[in-house]
Amino acid sequence: MQQLNLFELEPVHLGPLPPSSSGGKFTFIDLFAGIGGFRIALERLGGRCLGYSEIDAEAIAVYQKNFITPVGSSERNLGDVQKIGKLPQSVDIIVGGVPCQPWSIAGKIKGFEDNRGKLWFDVIRIIELNQPKAFIFENVKGLMEPRHRKSLDAIVTELSQLGYNVRFKVLNSYDFGLPQDRDRIFIVGIQNTIKNHSEFRFPEPLGEKPRLSDCIEGVERRAIQKQKFPPERLFGDRIPASRGRFQKIDELNDFFLFSDVRDGHTTIHSWDLIETTPREQEICLTLLRNRRKKKYGPKDGNPLSCEHLQGLIPDLEIDELETLVEKKILRQVQSEKYEFVNSKISAGINGVAKIILPHADAIGTLTATGMRDYIATCSLECQDPNCYKQEFIEKIYKPRKFKPISARDYARLQGFPDDFVMARREAIARKQFGNAVSVPVVYYLVRSLLEVLSEVGIFPSFLVRETV
């Protein structure tokens, strides 16, 4: 007989939710449970939940529909983490996605000054009182930024002083089979009394190459062979110093940004969509390229007066600006200055901020606040930088061959199984999935943790298969 370790097998493909049962091989507590992203992964690995903590009524309703069966189960909601004390029985692992808004650029970045940031003190208190064998906590990558590093160091120090070997690392959902560029920090602690606690290693990327069309319903599933170009051809003299992980400086973007206040080879401006003359386009581009210069004002985008613009375009007539106002591309603001009607990046143009082609490697991070991002329902063959944007407008934008990202799309992009029962209202469901943890990331992280915890006899027996 030869024992075969599951850690050496093929990547997991999450199917239907496992039934909740009392026969788990290890126990866990689910703090800040949300709709249960952590729980799906831990139950799939043989864990039994002793209790969950959540205060949002809509999240609780979804959580209970999916996990608390039968109705009347003895498992209870532990309620507000600020009121949780000593648990009635010992627990092997405590997990949770601690509220991230205090450390996120999507929030006000107040850190410990935000009451939600102070919930870390309750997390530390719960760990001290209950002494689980291990814990895993998730938060936004922003917790590692220089302005928050003292807070992160304080959290790690406090947890370490409770008798734990504490480590942290940023993991990206794309590396674990999801076409979503989502960075999250995971803080893992293992009791120092466990003999091989120092052998814990964060999981390595799976090496899979997912595409957006793998998760999105109703779109064409086809790969596009991208051509390489000299960066100068795509960016001119404004070659970016660095770009995102999925944006190459020598390839055409696989998304189109709708914005009058940014520029790029796949940026769609309102003057691309409205009939305008080359002269009018020149005026718009001049405002675009100069509005962020400090000599015109302190803001990150300032209105310019007619005099300012005449200094940049000497033969400019005020009637030309008024024509652009009539076309609703420009508007006049205080002190007879001009700015774009579409002056906020997040608002996009006509309600569209971005359209992503289905053959893209990944979408940006899903958020709880929602996005004005859409998915094209077909790919774009064109690889000619000179006509790429116009072909997109003619073949995808004008015929409306794009769709919003549905709540079910959100679920799949976060790794939730298709039989997961979500909130009835689309907006609520999208918010909940945007707040959730990516299930496969937790699965592989917990699987690595269980290799270490096998030392104390809680390694799930089903993770080892016997073969002849």
Side-chain angles (χ1 to χ4, degrees), residues 32 34-35 37-38 41 97-109 116 137-145 147-148 168-187 205-206 208-216 242-248 253-259 262 266 344-348 352-358 360-375 404-416 422 426-445:
F32 311 103
I35 56 174
F38 266 101
V98 185
C100 62
Q101 293 90 340
W103 323 98
S104 171
I105 58 173
K108 296 185 183 292
I109 322 180
R116 294 167 296 184
F137 298 116
E138 176 251 17
N139 213 282
V140 291
K141 182 183 177 181
L143 190 54
M144 291 188 66
E145 292 179 357
R147 59 186 158 187
H148 296 314
F168 58 86
K169 186 175 182 179
V170 171
L171 301 178
N172 190 291
S173 300
Y174 181 84
D175 291 325
F176 298 91
L178 298 177
Q180 181 190 175
D181 182 16
R182 187 185 189 91
D183 279 328
R184 288 294 184 267
I185 183 175
F186 287 86
I187 302 173
L206 302 182
E208 294 185 344
K209 299 294 183 183
R211 291 191 181 277
L212 195 54
S213 58
D214 295 337
C215 289
I216 305 294
S242 62
R243 307 192 77 202
R245 177 177 177 180
F246 300 101
Q247 298 176 45
K248 309 291 193 306
N253 290 335
D254 45 25
F255 65 87
F256 290 81
L257 180 70
F258 287 70
S259 173
R262 292 291 185 268
T266 59
K344 292 184 178 179
I345 296 177
S346 59
V352 178
K354 184 185 289 186
I355 296 178
I356 307 158
L357 299 174
D361 291 326
I363 195 170
T365 303
L366 299 179
T367 67
T369 55
M371 304 179 294
R372 290 184 170 88
D373 290 1
Y374 291 77
I375 309 297
I405 307 170
S406 70
R408 182 56 66 190
D409 295 333
Y410 263 63
R412 290 175 173 175
L413 287 163
Q414 286 284 55
F416 280 71
M422 59 188 178
E426 276 273 318
I428 296 299
R430 285 196 299 268
K431 175 183 177 181
Q432 291 174 343
F433 287 120
N435 264 333
V437 67
S438 295
V439 176
V441 179
V442 176
Y443 180 93
Y444 288 103
L445 177 56

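As a basis for the values below, the full set of heavy atoms in this structure was taken, side chains included, without hydrogen atoms, waters or symmetry mates. When a residue number appears, it is its place in the shown sequence, counting from 1.
Not counting sequence neighbours, Thr365 has no partner by the side-chain hydrogen bond (donor to acceptor under 3.5 Å, both in side chains) test. In this structure, Asp373 has no salt bridge (charged side-chain N to carboxylate O under 4.0 Å, His left out) partners at least two apart in sequence or on a different chain. A search for salt bridge (charged side-chain N to carboxylate O under 4.0 Å, His left out) contacts involving Arg408 returns nothing, not counting sequence neighbours.
Between Arg245 and Asp175 a salt bridge is recorded (basic side-chain N to carboxylate O distance below 4.0 Å).
In terms of modelled atom types and a separation under 3.5 Å, the side chain of Asn139 and the main chain of Ile185 share no donor-acceptor contact. Side chain of Gln180 to main chain of Leu366: a donor-acceptor pair is present (N/O by atom type, distance under 3.5 Å, no hydrogens or angles). Put simply, the side chain of Ser259 never gets that close to the backbone of Ile345: no donor and acceptor are under 3.5 Å apart. Remark: the backbone N or O of Arg211 is paired with a side-chain donor or acceptor of Asp214 at under 3.5 angstrom. A donor-acceptor pair under 3.5 Å links the side-chain atoms of Gln414 to the main chain of Ala436, judged by distance alone.
Screening Leu413, Ile363, Asp361 for a side-chain contact (heavy atoms from CB on, under 4.5 Å) involving Pro179 leaves a single residue, Leu413. Partner of Asp183 under the side-chain contact (heavy atoms from CB on, under 4.5 Å) criterion, out of Val140, Val170, Leu171: Val170 alone.
Other residues, nucleotides and ligands contribute only 12 or fewer heavy atoms inside 6.0 Å of the NZ atom of Lys431.
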